[in-house]
Amino acid sequence: MNFFGHAVVASWQDPDASHVLGSMLPDFESMTRVALVEVLDADIQRGIDTHHQTDDVFHRAPTFLRLCAYAVESLDEASVRRGTARAVGHIATEMFLDGLLASRTGNVDHYLAALDVGTADAIHWADGGEAFGVLHARLKKWGAPVDYHDPTFVLARLEGALRQSPKLAITTDDYPRVARCLPSVREEVRLRAEELLDEVQDGLSCAS
């Protein structure tokens, strides 16, 4: 699950802004490639714990597995190399779910409130917070990440995210093939989103 999806799921359990922010921080670590070294706020830490619990349920959800399989099969049929297909299938599914969820106003309100939480005395980063500060400013300016519903935008994000891994990177030959497949992946996510979210909600209820 991507950062916005985590914010939405965390708000189901507790809409407290610090809790919702915490639920996104592990993804922000990945996005900045900087480690979060200390958390001094209990609500933020609860959110981080919620993130890991949610990922465990989400990645085992039958509908998520079917969505990834659909995406990988589509990419395989388009002759996208296997490693790239698996990475794109997984990440694109999560990004398109974010785009769908971001179109719902109530979800956006909790997300924006979380971004307003002051963190100077609550969390400490390995680089002193520089990279997080840049990311935070970009996210605040961006607002609701509705662009994740756009296959062209998602393709650009995928290309950037996978560029550093030679086995997963989208090659010049694969770029147009991935581009052709993404609209159908988005549509499949749209059709199965409620089923997936129900599975996540049920899974978290059983785990609590």
Side-chain angles (χ1 to χ4, degrees), residues 1-12 23-24 26-27 30-31 51 54-108 111 138-139 142-204:
M1 181 166 277
N2 204 26
F3 68 92
F4 188 83
H6 274 290
V8 172
V9 172
S11 73
W12 296 346
S23 75
M24 296 187 283
D27 282 342
S30 297
M31 293 163 73
H51 173 104
T54 299
D55 265 353
D56 182 57
V57 170
F58 181 82
H59 291 140
R60 290 186 291 107
T63 299
F64 175 71
L65 297 176
R66 284 195 294 270
L67 285 169
C68 288
Y70 173 86
V72 172
E73 182 179 354
S74 299
L75 292 158
D76 279 345
E77 290 176 354
S79 299
V80 175
R81 60 182 183 149
R82 185 67 175 178
T84 301
R86 289 175 64 86
V88 167
H90 184 117
I91 300 170
T93 295
E94 295 185 346
M95 287 182 173
F96 285 133
L97 181 62
D98 265 19
L100 182 64
L101 292 172
S103 67
R104 302 172 182 177
T105 303
N107 294 336
V108 175
Y111 168 72
R138 179 163 62 84
L139 294 176
W142 189 16
V146 292
D147 292 324
Y148 278 128
H149 195 58
D150 177 3
T152 301
F153 180 88
V154 167
L155 178 57
R157 284 293 187 269
L158 288 166
E159 195 277 334
L162 301 176
R163 184 182 301 148
Q164 302 302 318
S165 175
K167 293 183 179 180
L168 306 180
I170 301 174
T171 65
T172 301
D173 289 340
D174 278 343
Y175 197 90
R177 298 167 184 161
V178 173
R180 287 196 299 271
C181 293
L182 288 181
S184 67
V185 174
R186 178 187 63 180
E187 179 62 11
E188 196 70 10
V189 171
R190 185 188 70 80
L191 291 172
R192 293 185 175 272
E194 293 308 319
E195 180 183 359
L196 172 55
L197 294 172
D198 285 345
E199 289 172 359
V200 172
Q201 194 162 34
D202 290 345
L204 289 171

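Because the structure is a prediction, the values reported are computed rather than measured.
Proximity of a side-chain donor or acceptor of T84 to a complementary backbone N or O of V80 within less than 3.5 Å is not detected. Looking only at distances, a side-chain donor or acceptor of R60 sits under 3.5 Å from a matching main-chain atom of D56.
Here the closest heavy-atom approach between residue M1 and residue D27 is recorded as O-OD2, 3.5 Å. Residue A193 comes nearest to L97 through the heavy atom pair CB-CD1, 4.1 Å, listed as atom of the first residue, atom of the second, then distance. Nearest approach of T172 to P176, heavy atoms of both residues: O-CD, 3.3 Å. The nearest pair of heavy atoms linking H6 to S23 is O-OG, 3.3 Å. Scanning all heavy atoms of the two residues, the minimum distance from H59 to L65 falls at O-CD2, 3.4 Å. Here the shortest heavy-atom pairing between R190 and L100 reads CA-CD2, 4.2 Å.
Between H90 and F64, a ring centre-to-centre spacing shorter than 6.0 Å is recorded. Separation of the Y148 and F4 ring centroids does not fall under the 6.0 Å cut-off. Taking the six-membered ring wherever Trp is involved, the centroid distance between the rings of F153 and W142 falls below 6.0 Å.
Contact of the L182 side chain with the V88 side chain is registered, since non-hydrogen atoms from C-beta on lie closer than 4.5 Å. Proximity of M31 to F3: side-chain heavy atoms (C-beta onward) are separated by under 4.5 Å at one or more points. In this structure the side chain of V154 never reaches within 4.5 angstrom of the side chain of V185, judged on heavy atoms.
In summary, R66 and E195 engage in a salt bridge, as defined by a charged side-chain N under 4.0 Å from a carboxylate O. Under a 4.0 Å N-O distance rule, the pair R104/E194 qualifies as a salt bridge.
Side-chain polar atoms of H51 and D55 form a donor-acceptor pair below 3.5 angstrom.
Surrounding CZ of R86 are at most 12 heavy atoms belonging to other residues, nucleotides or ligands under 6.0 Å away.
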